[in-house]
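Quantities reported herein were computed from a predicted structural model and do not represent experimental measurements. All chains are named by letter (A, B, ...) in the order of the sequence lines, taking the proteins before the strands, and each is independently numbered beginning at 1. Only heavy atoms go into these numbers, but all of them, side chains included; no hydrogens, no water, no symmetry mates.
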There are 2 protein chains.
Amino acid sequence: MVAFHEAVGASLGVTAVDQRALAVIMGAGSVSAGELAREIGLTPGAVTGVVDRLARAGLARREPHPEDRRRLVITAAPGAFGDTFAGLGKAMAQLTDRYSSAEQAVIADWVARTIDVLREQTRILNARSRP
Amino acid sequence: MVAFHEAVGASLGVTAVDQRALAVIMGAGSVSAGELAREIGLTPGAVTGVVDRLARAGLARREPHPEDRRRLVITAAPGAFGDTFAGLGKAMAQLTDRYSSAEQAVIADWVARTIDVLREQTRILNARSRP
DNA sequence: TAATTTAATTCAGCATACTGAAATGTCGAT
DNA sequence: ATCGACATTTCAGTATGCTGAATTAAATTA
């Protein structure tokens with residue numbers, strides 16, 4: 001999975017950090033530059049570059065905030081990963097079809113819990129290395 | 001999962017490439033510096049740095065080749081990820097216990113097939129970006 | 001034995017992305 | 001209307017890791 005993400009990055013000209021930023025953006029729906037900076041642990045100055053690269057790759061949009069003209073509204077571009085993830089989506093859909101709905105439920109449960117485990121372990125590691 | 005790997009890297013002072021190199025080393029059992037260079041797509045000069053970092057982190061060993069003294073025998077250090085992955089291993093073992101052996105079989109099957117899908121999609125992406 | 005090829009390392013030069021600070025433009029409060 | 005606070009960008013300086021070439025050492029070939 002890590003190799004796949006590296007390949008996606010190389011293919012689109014974005015870094016690993018950029019992709020994590022995009023995940024944050026998609027998770028939140030939309031964020032400001034400052035929120036993004038706090039969320040991914042970078043300075044505001046670095047976020048400009050992150051959003052630049054995501055926008056250039058067609059993965060995110062940078063729009064003015066309707067009420068506060070200092071702020072940005074950063075959103076994921078609709079169908080952001082379109083071409084890049086189309087192959088994966090199709091292959092995974094095909095894979096899913098091999099299982100009964102009961103089996104799919106078990107798999108979904110396991111995946112959700114595995115994500116929780118990874119999140120927690122990531123938190124622990126990060127706490128250890130930058131306390 | 002990508003965030004976890006980044007955290008592992010930060011915690012051990014190794015890069016994403018280093019970790020992929022380690023995966024290659026573990027997969028092959030042992031490799032020479034030149035083989036590693038070809039495998040991960042770097043110049044021999046860069047491989048010196050990769051092995052330096054892996055060795056410094058205690059993840060790999062650099063030993064002389066018994067028959068050809070120009071070559072290196074690079075191996076993964078026994079119990080390489082020990083501390084770093086101990087928490088993950090324990091948590092995942094606990095998670096596994098929640099499922100019946102029939103369910104575990106379904107999950108294992110899905111994971112194996114998902115890995116195949118990711119491998120294939122990675123191959124396709126890499127072929128597209130560096131043809 | 002001498003010449004050539006091969007393996008790994010070193011090093012200068014280069015590219016990339018981050019930090020920290022200054023600059024710009026905008027909001028809210030007095 | 002002015003002042004201070006805030007959001008983002010810009011920019012110089014810095015760190016990191018890669019390439020490509022030169023270097024060292026060892027094996028192979030003549």
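Going from atom CZ of R69(B) over to atom C1' of dT28(D) covers 15 Å, rounded to whole Å. Separating the CD atom of Q19(A) from the P atom of dA17(C) is a distance of 13 Å, rounded to the nearest angstrom. Separating the CG atom of L54(B) from the C1' atom of dG17(D) is a distance of 14 Å, rounded to the nearest angstrom. If you measure from atom CG of L72(B) to atom P of dA26(D), you get 13 Å, rounded to the nearest angstrom. Per the geometry, CG belonging to L36(A) stands 15 Å off C1' belonging to dC18(C), to the nearest Å. Distance, D52(A) CG to dC18(C) C1': 14 Å, rounded to whole Å. Taking atom CD1 of residue I40(B) and atom C1' of nucleotide dC18(D), one finds them 11 Å apart after rounding to whole Å.
F4(A) pairs with exactly one of Q121(B), R119(B), R123(B) by the side-chain contact (heavy atoms from CB on, under 4.5 Å) rule, that one being Q121(B). When S32(B), P64(B), S30(B) are each tested for a side-chain contact (heavy atoms from CB on, under 4.5 Å) with V73(B), only one passes: S30(B).
If you check every strand for non-hydrogen atoms under 4.0 Å, E35(A) touches nothing. Within the 4.0 angstrom heavy-atom criterion, base atoms lie near G45(A).
Mapped onto DNA chain C by nearest heavy atom, D68(A) and V17(A) fall at different nucleotides, with V17(A) at the one closer to the 5' end. If you find the closest nucleotide of DNA chain D to R71(A) and to A46(A), the one lying nearer the 5' end belongs to R71(A). Along DNA chain C, the nucleotide closest to R70(B) and the one closest to G49(A) are compared, and the more 5′ of them pairs with R70(B).
With values rounded to the nearest 0.5 angstrom, D97(B) atom CG is found 11.5 Å from M92(B) atom CE.
Residue-environment remark: CZ (R62(A)) exceeds the threshold of 12 foreign heavy atoms within 6.0 Å. Residue-environment remark: CD (E103(A)) exceeds the threshold of 12 foreign heavy atoms within 6.0 Å.
Here R62(B) does not reach the OP1 or OP2 of dA7(C): none of its side-chain N or O atoms lies under 4.0 Å away.
Counting only heavy atoms from C-beta on, L42(B) has its side chain closest to dT19(D) among dT9(D), dG17(D), dT19(D).
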